[in-house]
Amino acid sequence: MSDSEDMPLARRRELKEAAAAFSDDDIDDSGDSDTPLGKRKRPPVKKRIIEDDDDDDDESVNVKSESSDSEVPLSKRSRPGAKRPTYKEYSDDDHSSDSDTPLAAKKAVKTNGNRGSKTNGRSKARPSYKEESSESDSDVPLAKKSSSKKVDTKPKAKTSTASAKVKTESSKTSSRGKADSKTATARKRVKDEPDSKASIKKVKKEEEEDDEVDAWWLKSNENEDDSVKWTSLVHNGVYFPPDYTSHGVKMLYEGKPITLSSDVEEVASFFASLLYTEHAENPTFQKNFFSDFKAIAKKHKTVPSITDFKKCDFTPIYEHIQRQKDKKKNMSKEDKLKLKEQKAALDEFYGVCYLDGRKEKVGNYRIEPPDLFRGRGQHPKTGTLKLRVQPEQVTLNLSKDAPVPKAPLGHSWGGIVHDNTKTWLATWKENVNDSTKYVFLAAGSSLKGQSDFKKFETARALKKEVGGIRRAYMTDLKDKKMFIRQRATAMYLIDRLALRAGNEKGEDEADTVGCCSLRFEHVTLEKPNILHLDFLGKDSIRFQKTVEVDEQVFKNIRLFKREPAQEGDDLFDRLKTAELNKHLQSLMKGLTAKVFRTYNASFTFQEQLEKLTPTEGTLAEKLLAYNRANRDVAILCNHQRAVSKGHAVQMDKIIDKIRALKYQKYKLKRTILTLEPKLKKKRPELLEPESDLEDEWMVEHEVTLMEKEREKTRAKWEKENLRRKENKEKAMTEKELKEMLKEVDLREKELAKERKTGNVPGGKGASVEKCDAQLLKLDDRIAATRAAMVDKEENKQTALGTSKINYIDPRISAAWCQKHKVPLEKIFTKTLRDKFKWAMTVDDDWEF
DNA sequence: ATTAGGACTTAGGATTATAATA
DNA sequence: TATTATAATCCTAAGTCCTAAT
């Protein structure tokens with residue numbers, strides 16, 4: 001292993017990161033004795049019985065807890081308590097003023113970071129699947145021979161009336177398939193083996209996707225039984241990752257190479273591949289990994305028994321993996337193509353199913369491969385070994401009369417069910433968190449599309465009701481009953497700040513919160529009516545905003561925070577998401593906490609889009625407006641992303657680019673003055689220096705310009721020679737090259753002179769008019785570049801994708817595209833167009 | 001009435017493909 | 001033409017909400 005110095009240095013991620021972070025405590029093999037510490041434990045909370053909102057005024061009467069007092073909520077919950085890690089970077093910021101109206105948290109502070117503190121671990125013995133290794137081959141997705149008639153699950157005459165069919169893009173093979181031909185294909189597909197070289201020919205470019213599509217969104221479709229999801233479902237099962245093949249590279253233990261059996265090597269490799277990443281340096285991750293690694297090493301009687309993480313050196317394996325990656329990257333074209341074909345074949349086989357006779361895409365047909373669990377934030381189990389899933393653990397869901405896909409050789413399925421009230425095709429239990437995993441249809445499928453549609457329709461229904469709902473909770477803010485007050489306050493926050501509901505979480509998960517699970521330490525109050533929120537939300541993404549809130553909300557929170565309460569206690573000590581949602585249901589059918597996010601996101605988007613889109617504008621300007629509106633939504637929903645590694649460098653580059661443009665401007669101005677010195681008086685602006693453009697920089701810039709010029713000349717010379725060679729002409733000599741280069745030297749001298757005298761003659765046909773025209777163009781380019789820069793900067797930690805995919809009603813976009821003549825593909829990628837095909841038929845005046 | 005866990009949506013990061021540059 | 005930035009896609013963790021079990 002040669003090159004060992006090109007270590008992929010640590011991680012970027014100035015975002016998250018924050019404070020304290022892990023203490024020095026490094027993992028310690030020996031005892032996993034490691035006490036989990038009292039963390040996460042806090043004294044039971046007594047119910048707070050408030051007597052009044054105290055001091056100042058307040059018409060509000062005495063607030064008392066309702067009768068139920070007795071029922072001692074005795075939250076057995078428990079949470080960190082004490083030692084809250086401190087966050088780094090705080091930045092304050094203005095507080096949004098604009099009170100009313102839907103939107104929320106206009107400008108709010110953003111920053112974020114991860115929590116620190118907390119080690120822990122615990123890794124109880126886990127079951128070891130692992131049966132006999134089974135003769136591999138597994139890989140080959142044995143095919144279904146049985147093409148028996150049974151497969152023929154015809155579209156059951158389809159319930160609904162007129163079966164609207166449409167063609168997606170490209171109307172080819174017009175007639176063709178009727179139900180029959182389709183089922184025929186179905187039958188065929190079901191038995192087609194992937195990898196059979198036969199299927200190679202296609203792969204082609206994408207498209208293909210013509211096929212008739214069932215345009216469910218064009219049918220009247222007054223809900224016909226919601227719970228039944230299909231009448232027939234035929235599919236090919238799931239794909240299992242190939243068995244592990246040993247690479248034989250030895251890791252070091254106490255500096256010496258040791259031999260690992262394949263199973264152990266596999267786990268070592270999981271860790272090795274993460275070396276130098278945040279994960280591998282996370283003590284919790286190390287601890288959990290090592291605990292599992294140690295166990296499996298022991299089980300396989302690894303020679304020097306592995307007991308100390310610190311004595312392990314995985315770098316040889318790491319380097320091997322890097323080399324493999326390199327190799328893959330540099331693979332020959334043909335090999336790459338072959339790989340692609342294999343994938344396509346798999347896609348064709350497993351990636352497709354038949355739902356009520358219609359061909360539909362399957363989403364994640366691959367069984368998740370074994371790996372180290374990568375929990376986010378401070379997940380107590382991060383690093384734990386996620387075991388390989390065996391077919392015996394997998395249950396399939398399909399039609400009664402559908403052929404059962406064959407399990408991998410030597411294996412059988414865990415179960416076969418025929419539950420048409422479920423949308424999943426397969427399911428299994430994962431070992432780390434004991435959670436259930438599923439194989440679902442792809443996002444573009446009818447099932448997903450329909451529920452997406454429903455989601456947005458509910459949000460639109462809320463639009464109609466929101467006025468009344470808001471009035472109601474504003475009133476409830478002053479209710480005498482504590483529970484009602486809390487509920488109303490929570491609703492306010494969810495509505496105005498787009499918070500998530502905030503279900504309770506377990507001890508074995510990262511400590512994150514949503515609205516109902518906010519604790520005291522997450523909210524601080526500032527005099528008149530300002531709220532500082534600071535907590536970790538979903539995915540341990542920091543939510544840090546400062547907002548002005550309604551007076552009564554401020555009072556309420558002060559009230560909730562008062563007294564017996566202390567850090568670690570719930571802010572809403574008698575409110576559960578279930579109760580909140582139950583209440584919401586009573587206000588509007590289908591209303592739950594998350595609907596507010598959808599509603600506010602879509603509403604804000606439509607509003608901003610309307611406001612920002614220029615009526616007369618270039619395509620680019622319109623797109624900018626679109627992205628701005630999109631970004632507003634992303635900010636509202638607190639969708640963040642890590643700042644990319646090279647961000648700062650890229651910014652510098654852009655700044656330099658702008659300087660270069662300014663330099664050109666400067667030169668042009670001088671040319672004008674050289675041509676027409678009288679203008680000095682008339683147009684004094686020509687004398688003004690460009691901002692941020694220093695002499696020193698210009699000198700340097702000219703040097704690089706000349707360097708580039710020389711390179712270009714040389715390239716030209718070489719190219720010319722190449723051409724001549726081909727034409728059997730005699731090549732240009734070095735001398736000629738030197739001759740050519742002399743011109744650059746000349747130009748360099750000119751520049752030097754220009755710099756000294758300030759006179760810039762300009763090119764041949766130089767005229768004041770031409771220069772002015774160019775100046776204008778440069779101004780445009782500078783403006784555009786600067787806009788792009790601002791855009792980039794603002795965007796660096798904001799992720800637009802999530803809101804576009806999940807929160808913004810696609811019909812708003814479709815209508816907008818129509819209205820402003822913007823091609824859809826500028827807005828939606830191919831997959832998004834597919835996912836949203838149900839929304840693409842709206843008129844240009846459609847409103848959310 | 002609570003709790004547990006099933007089923008489905010939402011989420012950011014990792015990986016891969018494509019576009020922009022050097 | 002190779003390199004690098006960016007966009008698209010893939011992956012699977014982490015939420016929400018609901019229903020069934022206790």
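Each chain gets a letter, A, B and so on, in the order its sequence line appears, and its residues count up from 1.
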Check: Taking 4.0 angstrom as the limit, do A:Lys338 and A:Glu341 come out as a salt bridge?
Finding: no

Margin query: Need one value for A:Thr423: base, sugar-phosphate or nothing, where a base atom within 4.0 Å counts as base even if backbone is also close, heavy atoms only.
Written below: sugar-phosphate

Check: Taking for each residue the nucleotide of DNA chain C bearing the nearest heavy atom, is the 5' side occupied by A:Pro369 or by A:Leu591?
Finding: A:Pro369

Checklist line | Distance-only polar pair, side chains of A:Ser446 and A:Glu360, donor-acceptor under 3.5 Å | finding: yes

Notebook entry, point to check: Below 4.0 angstrom from OP1 or OP2 of B:dA7, is there any side-chain N or O of A:Lys437?
Noted result: no

Notebook entry, point to check: Does the distance from a Lys or Arg side-chain N to an Asp or Glu carboxylate O, for A:Glu579 and A:Lys582, drop under 4.0 Å?
Noted result: no

Notebook entry, point to check: NA contact type, A:Phe440, heavy-atom cut-off 4.0 Å: base, sugar-phosphate, or nothing?
Noted result: base

Next item on the list: Would you kindly compare A:Thr829 and A:Leu372 by the position of their nearest DNA chain C nucleotide and give the one closer to the 5′ end?
Entry: A:Thr829

Margin query: Are A:Phe373 and A:Phe289 an aromatic pair, judged by ring center distance below 6.0 Å?
Written below: no

Notebook entry, point to check: What nucleic acid atoms does A:Lys229 come within less than 4.0 Å of, heavy atoms only: base, sugar-phosphate, or nothing?
Noted result: sugar-phosphate

Margin query: Salt bridge or not between A:Lys653 and A:Asp656? Use side-chain N to carboxylate O under 4.0 Å.
Written below: no

Checklist line | Sugar-phosphate, base or nothing in reach of A:Lys835, heavy atoms under 4.0 Å | finding: nothing

Next item on the list: Mind checking A:Lys594 for me? I need base, sugar-phosphate or nothing, with any heavy atom below 4.0 Å counting as a touch.
Entry: sugar-phosphate

Margin query: Could you tell me how far apart A:Asp326 (CG) and B:dT15 (P) are, to the nearest whole angstrom?
Written below: 14 Å

Item checked: Side-chain donor or acceptor of A:Lys538 paired with backbone N/O of A:Gly502 under 3.5 Å -> no

Check: When all nucleic acid strands are considered with a 4.0 Å heavy-atom cut-off, which category describes A:Gly514: base, sugar-phosphate, or nothing?
Finding: nothing

Note to self: Please classify the nucleic acid contact of A:Asn581 as base, sugar-phosphate, or nothing, using heavy-atom distances under 4.0 Å.
What the structure shows: sugar-phosphate

Next item on the list: Round to a whole Å and report the spacing from CH2 of A:Trp424 to C1' of B:dG6.
Entry: 10 Å

Notebook entry, point to check: Contact class for A:Gly502 vs. all strands (heavy atom < 4.0 Å): base, sugar-phosphate, or nothing?
Noted result: sugar-phosphate

Next item on the list: Give A:Ala593 one of three labels, base, sugar-phosphate or nothing, depending on what nucleic acid heavy atoms sit under 4.0 Å from its own.
Entry: sugar-phosphate

Check: Touch check for A:Lys336, heavy atoms < 4.0 angstrom, all strands: base, sugar-phosphate only, or nothing?
Finding: nothing

Note to self: What is the separation between atom CD1 on A:Ile805 and atom C1' on B:dG12, rounded to the nearest whole Å?
What the structure shows: 11 Å

Next item on the list: Before accepting this row, confirm whether a basic side-chain N of the pair A:Lys454/A:Asp226 lies closer than 4.0 Å to the acidic partner's carboxylate O.
Entry: yes

Check: OP1 or OP2 of B:dA11 less than 4.0 angstrom from a side-chain nitrogen or oxygen of A:Tyr807, does that happen here?
Finding: yes

Next item on the list: Grab the CG-P distance between A:Asn806 and B:dT10 for me, whole Å please.
Entry: 5 Å

Checklist line | Under 3.5 Å donor-acceptor pair, A:Lys455 side-chain atoms to B:dT9 base atoms | finding: no

Note to self: Can you tell me if A:Thr436 touches the phosphate of B:dG6, counting only side-chain N or O atoms and a distance under 4.0 Å to OP1 or OP2?
What the structure shows: yes

Next item on the list: Establish, with yes or no, whether the OP1 or OP2 oxygen of B:dA11 is under 4.0 angstrom from a side-chain nitrogen or oxygen of A:Arg500.
Entry: yes

Margin query: Reading DNA chain C from 5' to 3', where do the contacts with chain A start and stop? Cut-off is 4.0 Å to heavy atoms.
Written below: C:dA5 to C:dC18

Note to self: Need one value for A:Gln585: base, sugar-phosphate or nothing, where a base atom within 4.0 Å counts as base even if backbone is also close, heavy atoms only.
What the structure shows: sugar-phosphate

Note to self: At 4.0 Å (heavy atoms only), tell me whether A:Ser435 reaches a base, stays on the sugar-phosphate, or touches nothing.
What the structure shows: nothing

Check: Hey, are A:Glu278 and A:Arg374 close enough for a salt bridge, meaning a charged N less than 4.0 Å from a carboxylate O?
Finding: no

